[in-house]
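We number each residue from 1, following the sequence as shown. These figures come from a predicted structure and were not determined experimentally.
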Amino acid sequence: MRVLAAGDAAVLAELRDLAEASALLASLVADPVEGTGEPVPGARTVLVPFLPHRTSATATAAAVRARSLAAVAATGARLVEIPVVYDGEDLEALAGALGWSPRELVRRHGEARWRVGFMGFAPGFASLTCADAAWPDVPRRATPRTRVPAGAVALAGPYAGVYPRSSPGGWQLVGRTDAPVWDVNREPPALWTPGDDVRFRQVAASAVEVGRVAAPHRSDRPHPGHRALDVVAPGAQAVVEDLGRGGVAHLGVGASGAADRRSLRAANRAVGNDAGAAAVETEGGLHVRASGHLVVALAGAPAPAEIRRSGAAEPAEAPFAAPFALRDRDELLLGAPPRGRRTYLAVRGGLDAAVTLGSRSTDTLGHVGPPRLAAGARLPVGTAPIAAVETSDAGAPDPTSLPAPGETATLRVVAGPHDDWFDDGVAALTGQVWEVTSLADRVGVRLAGEALRRTAAHADAELPSEGMVTGAVQVPPNGQPILFLPDHPVTGGYPPVAVVIEADLPLLGQLPAGARVRFEVFHSHRRHPAESPCRSCENGRS
C-alpha cells in the first residue's frame with residue numbers, strides 16, 4: 001500500500017487491485033479512523049478525507065497503513081437484475097473488435113457474473129466488475145459522445161455500467177434498460193451499493209419503457225407565510241447553495257455547496273442566519289423582487305447593486321456586506337462584478353428550498369437539489385432561528401483583494417498525488433503563470449499555458465478511476481490543467497499533479513475569466529503522510 005497526499009485535508013491509499021481496495025474500504029467504514037470523513041473508493045484506491053483541526057495526514061496515513069487487507073466476507077449483498085434490450089449503437093462494431101458475433105457478445109454479457117465495485121462519475125452510476133477472468137478489456141471510444149441517453153447499458157475497460165441520466169460519455173453502448181438505477185425520491189436513491197451482485201437479462205424491446213427517468217425531487221411541505229424572492233431574471237449561473245452535502249459519496253453524489261464558503265457565511269451572518277443557511281450564488285445579472293418584507297445582505301464579488309423601491313422614481317444603491325431591507329414589491333438588481341466571480345445574496349430566515357440528501361445545494365453536474373434559477377422561479381423564505389446581525393465583513397475576503405481579469409492570484413498547493421506522472425513534477429506547474437479561460441463553471445476551471453508533459457513511463461497510461469477532491473489540479477492528455485470546484489465528479493480518471501489547500505478554496509471559487517494564476521507549493525510536514533521528506537522539498541526542509 002502507498003499512501004499519498006491529496007491536498008492538506010485528505011490522503012489517497014493506493015492498492016494493488018479492487019479486492020484490496022474493497023477490503024480497506026470495508027474496514028474504514030466498520031471502524032472509522034478518528035478525525036476522518038467518508039472514505040471514497042476507486043478502482044484500486046481509497047480516498048480518506050480528514051479534519052485538519054482534529055488530526056493530521058501523518059496520523060491518518062499511519063492508521064490507514066495499519067489496517068488489515070484480508071478479504072471481508074460480504075454481508076447483505078443482494079442480486080440486482082437489469083432487463084436489457086441489446087440494440088446499442090456500438091454492439092456490432094464492438095463484437096467484431098472482440099472477434100465475436102453480436103449474439104455471442106450478448107450471451108457472454110448476460111452469463112457473466114458482475115458485482116458493484118465502486119460508485120462515481122454521476123449519482124447512481126456504478127462501475128461493475130466482472131468475476132469471470134476470461135472477460136475482455138473493452139476499449140473506450142476514441143471520441144466520447146456529447147450525449148449518452150439515460151438507461152444506456154455500456155462497457156469500458158474491465159467494467160460494465162448503466163447511465164442513470166443523459167450525460168456525455170466515452171463507453172461502448174451495447175443496450176438500454178428502464179431499470180431505475182437512480183431515484184432521489186426513493187430510499188435509498190441508488191438501486192445498488194458496492195458489493196451487490198448484478199445480472200443482465202435480455203428482454204424484448206416491448207418490455208422496457210424507452211428513456212424513462214425518475215421524477216425530480218419535489219417538496220410538498222407548506223411554506224409559512226408568503227415571504228419569498230421572486231426571480232425576474234436569473235443572470236449568469238444563479239443557483240441556490242448552502243455548505244453542501246456530506247456522507248453521500250458512496251452513492252456517487254458529490255458535496256456541492258458554495259464555491260466561496262467564506263462569503264456565503266458572511267452574507268448569512270450579516271442577516272442573523274446560521275452561517276450555513278441556503279442563499280443565492282450568482283455570477284452577475286440577477287434580478288429579484290421581494291414578496292413580503294425581507295432583510296437581505298450581499299457578500300463575495302462586489303457586484304454593483306441597486307434597489308428599485310416600489311413607487312420610487314429613482315433607484316438606490318444597495319450596501320455591501322451589511323443588511324438592508326426590501327419592502328414588498330421592491331426589486332434588487334445586480335450587475336457583473338468588476339473583480340472576483342461570485343456574489344452571495346442571503347435573506348434573513350434562509351431560503352426554504354427542498355432538502356435533497358441532507359442539503360439545499362444545487363449540484364449542477366449530478367442534477368441533485370434545486371434546479372438552476374430561471375425567470376419566474378419563487379424562492380420561499382424560511383423561519384429558521386435567527387440571531388443578531390453582523391454588519392462587518394464577518395470573515396469574508398476583502399472584495400478589493402479579489403482578482404480582476406488581467407490580474408494574478410496565487411494559489412497554494414500540495415504536490416501529488418500523481419506529480420510523478422509529469423516531467424519536472426509540480427515544478428512545471430509552479431514555474432509559469434496560467435490564464436483562467438472562459439471554460440469555467442461550478443464543476444471546474446480550465447487553465448491555459450505551456451502544457452504539462454507526461455513522463456515517458458506514463459505517456460500512454462490511463463489512471464484507474466479514483467476519488468477526487470475540490471481543488472484537485474487534474475491534467476488531461478492535452479496538458480492543460482483543470483481546477484476542480486464543488487460540483488466535480490466523485491471519481492475521476494485524469495491524474496492530479498497537485499491539490500489547492502483548503503484555505504485557498506474560496507479564492508479558487510472567485511477566479512474570473514481572464515485572470516491569471518500562479519501556483520506556490522505549500523510546505524507543511526506536519527500534515528504530509530510520507531514517512532520520508534515530501535517530494536515538494538528535496539532537502540527535507542520546510
Side-chain angles (χ1 to χ4, degrees), residues 1-52 54-78 114-121 125-131 157-159 190 192-197 246-255 414 416-418 420 462-469 472 489-493 495-496 499 527-532:
M1 185 194 306
R2 288 202 311 167
V3 182
L4 307 171
D8 65 335
V11 296
L12 183 74
E14 193 176 72
L15 303 114
R16 288 180 295 185
D17 52 33
L18 179 60
E20 286 191 351
S22 298
L24 176 60
L25 175 68
S27 174
L28 294 174
V29 169
D31 182 18
V33 173
E34 178 67 24
T36 63
E38 182 186 17
V40 181
R44 56 182 180 86
T45 59
V46 179
L47 179 75
V48 186
F50 62 87
L51 300 173
R54 291 185 55 190
T55 186
S56 68
T58 302
T60 302
V64 169
R65 286 193 188 97
R67 293 301 174 98
S68 169
L69 297 182
V72 178
T75 57
R78 303 169 301 143
W114 299 94
R115 176 163 292 176
V116 179
F118 57 95
M119 309 285 282
F121 173 67
F125 187 92
S127 291
L128 312 178
T129 62
C130 188
Y159 305 115
W192 39 35
T193 59
D196 285 346
D197 293 320
V248 290
H250 65 286
L251 300 175
V253 180
V414 173
H418 298 298
D420 56 345
E462 284 195 15
L463 181 72
S465 292
E466 65 184 33
M468 294 287 163
V469 297
V490 174
T491 60
V499 177
R527 296 180 181 174
H528 199 282
E531 295 172 351
S532 57

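Minimum heavy-atom separation, Cys130 to Trp114: CB-CZ3, 3.5 Å. Nearest heavy-atom pair across Met1 and Ala13 is SD-CB, 4.2 Å. The heavy-atom pair separating Pro39 from Leu25 by the smallest distance is CG-CD1, 3.7 Å. Of all the heavy atoms in Val3 and Ala61, the pair that sits closest is CG1-CB, 3.6 Å. Of all heavy-atom pairs between Pro41 and Thr491, the closest is O-CG2, 3.9 Å. Contact between His418 and Leu463 at its shortest, heavy atoms only, is NE2-CD1, 3.7 Å.
Residues satisfying the side chain to side chain contact (heavy atoms under 4.5 Å, CB included) test with Ala43, not counting sequence neighbours, are Phe118, Tyr159, Pro464. With sequence neighbours left out, Pro194 forms a side chain to side chain contact (heavy atoms under 4.5 Å, CB included) with Val116, Met119. Residues satisfying the ring-ring contact (aromatic ring centres under 6.0 Å, His included) test with Phe125, not counting sequence neighbours, are Phe121, Tyr163, Trp171. For Ala9, the side chain to side chain contact (heavy atoms under 4.5 Å, CB included) partners at least two apart in sequence or on another chain are Pro52, Glu502. Residues satisfying the salt bridge (Lys or Arg N to Asp or Glu O under 4.0 Å) test with Arg44, not counting sequence neighbours, are none. Listed by chain and residue number, nothing satisfies the salt bridge (Lys or Arg N to Asp or Glu O under 4.0 Å) test with Glu38 (two or more places apart in sequence, or in another chain).
Side-chain atoms of Thr55 and Glu34, non-hydrogen and from C-beta on, never get closer than 4.5 Å to each other. For the pair Glu14/Pro417, no side-chain contact is recorded, criterion being any heavy-atom separation below 4.5 Å from C-beta on.
Within the structure, no pair that satisfies the salt bridge (charged side-chain N to carboxylate O under 4.0 Å, His left out) test touches residues 55-64, not counting sequence neighbours. Sorted by first and then second residue, the pairs that involve residues 20-32 and meet salt bridge (charged side-chain N to carboxylate O under 4.0 Å, His left out), not counting sequence neighbours, are Arg16-Glu20, Asp31-Arg67.
Between the CG atom of Leu18 and the OG atom of Ser465 there is a distance of 11.0 Å, given to the nearest 0.5 Å. The distance from atom CZ of Arg115 to atom OG1 of Thr129, rounded to the nearest 0.5 Å, is 7.5 Å.
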Side chain to side chain contact (heavy atoms under 4.5 Å, CB included) evaluation trace for Val29 with His250: CA-CA 11 Å; Val29 169; His250 65 286; over 6 Å; no
Side chain to side chain contact (heavy atoms under 4.5 Å, CB included) assessment of Leu69 paired with Leu24: CA-CA 6 Å; Leu69 297 182; Leu24 176 60; 3.8 Å; yes
